[in-house]
Enquirer: 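Just dropping this structure here.
Counting starts at 1 for both ligands and their atoms, in listed order. If you're wondering where the values come from, they're calculated on a predicted model, not measured in any experiment.
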Amino acid sequence: MSHLWSGRFEGDPDAALVEFGSSFRFDRRLFEDDVRGSLAWAEALERAGVLNAADAAAIAGGLRDLLARGADPAFFDSPAARQDEDVHAFVERELVQRVGEAGRRLHTGRSRNEQVALDMRLYLRRRVPGLERAIASLVEVLAHQAGRAGGALMPSYTHLRRAQPVLAAHFFLAHAAAFRRDHRRLAAVLTDIDELPLGSGAIAGTSYPIDVGWLARRLGFSGVVANSIDATGDRDFVAAFLHACALAMVHVSRLAEDLILFTSEEFGFFDLADTAATGSSLMPQKKNPDPLELVRGKAGRVIGRLAGWLATMKGLPIGYSKDLQEDKEALFDAEDTLAASLEAAASVLRGITLDERAAGRAASGLLLATDVADYLVAKRVPFRDAHEIVGALVRRLLREGRSFEDLSLEEWRRHSGLFEADVEAAVTAAASVARKRTPQSTNPDAVASALEEVRGWLAGLKE
Ligand code: ARG
């Protein structure tokens, strides 16, 4: 059996080690990118006078034929393909099989080191938009739920203790805000990869007069890498992509966790659709949020891909080392896991229903304590003093197992003579959210504008 590098060696390499080093099982995913890169490279070679027109045409014809064949998965599973070291070897062998000697000229002045750096960039450029769309779909479902929630109230939590009343819509839009950042972060990866690595050769550059500026434009890059040594060993963009995926998974996981909690018997603010839950083989009453738990679990795995990849890179001398081949499984797995998790989360979220009464009930009571303090502040009591007065009142109510709404005016006034009949109306969840003033707050008008803004963003993406 022969390899792309057999000439230097006497006899065949150890079969088990060849198998250990081969990446075709997973890097076949770069097939389309590899062929497109080679098509452009052949044109650049012709422009540089390295390939004659006949050879260039033969190569282009052969590569186009390969692209067409690539639609059939069986193409990658022939006995010969099973022996190929990587996708580059596969493409070259198939090309030579079709066009003979011309195919053997394609690799002139080029190295797999820069080729794989190019393929990874082209792959991400082709695939990141799909993840961006999946994130946007999830934001769309969050916006839909925010719209459906209308003016419904629920408690917000800090330290997982009831904090202040908020609109349920505000809660949904909070998650949407995090996913908007993920969308931006993925878009930034597309900027990171926007430089052509070809022309770097194996490490020192190429000795042929390749017009890399033309080649960059031909392949849709805005520019060319600055340094060939750096370019062949640089996978920062893989780390950036993994980071974007890991953080997006953290956000899907936090959304999953909120939904797991809030659909539980203990909270009961939302109900899971039957289609989004599973039962127990033993306990007939159970309705388990398995898909959400899996999403939460898979976040750990994508974080691991990022951490693992950073660990792989940290010890590498500058330039290409075979360790870099480990980038692919990390990247593909992170991509697949994020895509599947976004879709699962969107599907579960689409089916949840708000129990307005349960959520509203939980949004009133002692979590209105800040509003009581604000009432006193409005009557010129310094906030610290108001805090103490209300603290004492809360302590008493807790002792008596009561809440603000059970207090008579007389009882209110025992804690401060400033309380008047209007305190009852001031201390409700609805009054609390209405009193908020800032644009990022849970004030109903602010939330309505925020929802409009999200819808505008979504509409802008579709244009
Ligand atoms: N399969 C290799 C990778 O993914 C391609 C580059 C191989 N280059 C080399 N000199 N062995 O990194």
Side-chain angles (χ1 to χ4, degrees), residues 1-9 12-38 40-41 66 70 76 80-96 106-127 193 195-207 225 228-242 305 308-336:
M1 163 190 184
S2 109
H3 292 272
L4 294 176
W5 33 260
S6 292
R8 151 85 176 72
F9 293 88
D12 285 340
D14 181 274
L17 289 178
V18 167
E19 174 60 25
F20 179 65
S22 95
S23 53
F24 190 51
R25 336 181 266 298
F26 47 84
D27 71 10
R28 66 176 60 177
R29 238 162 119 151
L30 301 172
F31 169 74
E32 179 184 331
D33 312 292
D34 200 68
V35 175
R36 291 191 193 286
S38 290
W41 181 249
L66 289 190
F76 302 97
R82 265 173 253 144
Q83 305 286 312
D84 287 324
E85 180 184 338
D86 56 24
V87 66
H88 323 293
F90 169 80
V91 169
E92 191 166 320
R93 185 185 48 71
E94 288 285 340
L95 177 68
V96 170
L106 169 64
H107 208 55
T108 313
R110 184 177 68 166
S111 159
R112 279 185 297 160
N113 298 353
E114 54 181 341
Q115 203 181 340
V116 73
L118 171 71
D119 292 2
M120 293 296 280
R121 288 167 191 252
L122 293 178
Y123 178 84
L124 282 172
R125 194 165 74 194
R126 180 161 68 83
R127 303 288 295 189
I193 59 176
E195 286 180 337
L196 175 80
L198 291 184
S200 300
I203 184 161
T206 189
S207 341
V225 294
S228 64
I229 302 178
D230 173 54
T232 48
D234 166 33
R235 294 294 183 280
D236 291 0
F237 60 93
V238 173
F241 174 76
L242 293 173
R305 289 300 193 177
W309 178 243
L310 292 172
T312 296
M313 287 205 306
K314 76 168 269 297
L316 298 185
I318 199 152
Y320 180 84
S321 296
K322 182 81 163 180
D323 315 45
L324 292 173
Q325 179 168 289
E326 289 288 310
D327 62 353
K328 285 161 211 62
E329 286 160 296
L331 188 150
F332 298 151
D333 184 54
E335 180 199 358
D336 292 347

Enquirer: Show every donor-acceptor pair shorter than 3.5 Å between a side-chain atom in residues 313-321 and any protein atom, with sequence neighbours excluded, or say none if there are none.
Expert:
none

Enquirer: Salt bridge check, D234 against R121: does any charged N sit closer than 4.0 Å to a carboxylate O?
Expert: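 Counted as a salt bridge, because a side-chain N and a carboxylate O are separated by less than 4.0 Å.
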Enquirer: Establish, for the pair R29 and F332, whether the NZ or CZ atom is under 6.0 angstrom from the six-membered ring centre and no further than 45 degrees off its axis.
Expert: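 Pair R29/F332 counts as cation-pi.
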Enquirer: Hey, do the aromatic rings of F31 and F76 have their centres closer than 6.0 Å?
Expert: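 Yes, they do, as the ring centres are separated by less than 6.0 Å.
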Enquirer: Can you pull the residues with any heavy atom under 4.0 Å from ligand 1?
Expert: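 Ligand 1 pocket, heavy atoms under 4.0 Å: S23, D86, H88, R112, N113, V116, Y320, Q325, K328.
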Enquirer: Can we say R112 and E92 salt-bridge, meaning some charged N sits less than 4.0 Å from an Asp/Glu carboxylate O?
Expert: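 No, this pair does not count.
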Enquirer: Taking NZ, NE, NH1 and NH2 as the nitrogens, is one of them in K328 or D86 under 4.0 Å from a carboxylate oxygen of the other?
Expert: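 Salt bridge absent between K328 and D86.
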